[in-house]
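Values below: every heavy atom of this structure, side chains too, minus hydrogens, waters and symmetry copies.
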Amino acid sequence: WVTAMGRAGQADNWQEVTKIQQKMNAVSKAMIDASIFGGFTAIMNAKGILGKFAPRPMSMLDNDKRQALLECDPVKSMLNE
């Protein structure tokens, strides 16, 4: 999405830039609502980038919360592109 946003900006297609930014904001909000570090870890793992992306004291999402995050529309859209 970041590359697409850059290309749209270079083409002065500000409607497309806005549309992409809104999608990025929706994913960010979903991740924050779930738990920023646990949410980011779940999304990265779903993209095939394995590991824990959180400081040690932070806990990961339980299976139900992870599944809910990965199934919410903005995250599903990102994972499927």
Side-chain angles (χ1 to χ4, degrees):
W1 288 345
V2 174
T3 301
M5 184 187 295
R7 288 185 183 136
Q10 287 177 332
D12 287 331
N13 185 348
W14 302 111
Q15 286 182 323
E16 183 65 14
V17 170
T18 299
K19 179 179 157 189
I20 295 166
Q21 182 65 59
Q22 288 171 340
K23 291 191 312 186
M24 291 171 67
N25 290 348
V27 169
S28 178
K29 182 179 180 338
M31 206 169 35
I32 291 167
D33 288 349
S35 160
I36 188 69
F37 293 115
F40 184 74
T41 295
I43 290 170
M44 294 298 284
N45 290 177
K47 293 289 283 180
I49 304 168
L50 302 180
K52 291 184 181 178
F53 301 89
R56 262 185 217 269
M58 303 299 294
S59 60
M60 297 296 102
L61 299 179
D62 64 33
N63 284 335
D64 290 339
K65 288 182 182 177
R66 185 181 64 75
Q67 206 54 36
L69 173 65
L70 297 178
E71 290 177 1
C72 78
D73 288 337
V75 174
K76 263 198 316 194
S77 174
M78 182 193 66
L79 292 174
N80 291 327
E81 287 186 24

* Could you walk me through whether I20 and E16 pass the side chain to side chain contact (heavy atoms under 4.5 Å, CB included) test, one step at a time? => CA-CA 6 Å; I20 295 166; E16 183 65 14; 3.7 Å; yes
* Going hydrophobic residue to hydrophobic residue with side-chain gaps under 4.5 angstrom, can you get from L61 over to I49? -> yes
* **Whether S77 side chain and D73 backbone form a donor-acceptor pair below 3.5 Å** => no
Going from [atom1] on [X] to [atom2] on [Y], what distance comes out if it is rounded to the nearest 0.5 angstrom?
X   : Y   : atom1 : atom2 : answer
I32 : F40 : CD1   : CZ    : 12.0 Å
M58 : K52 : CE    : NZ    : 13.0 Å
K29 : N25 : NZ    : CG    : 11.0 Å
M5  : Q21 : CE    : CD    : 4.0 Å

Heavy atoms only: give me the nearest [X]-[Y] pair and the separation to one decimal.
X   : Y   : result
V2  : M24 : CG2-CE, 3.8 Å
L69 : V75 : O-CB, 3.4 Å
W1  : P74 : CH2-O, 4.2 Å
L70 : A42 : CD2-O, 3.9 Å

* **Atom CD of E81 with >12 non-hydrogen neighbours under 6.0 angstrom** => yes
* To do: Return yes when atom NZ of K23 has more than 12 non-hydrogen atoms of other residues, nucleotides or ligands closer than 6.0 Å, and no otherwise.
  => yes
* Structure fact -> Only one of R66, M31, M60 passes side chain to side chain contact (heavy atoms under 4.5 Å, CB included) with T41, and that residue is M60
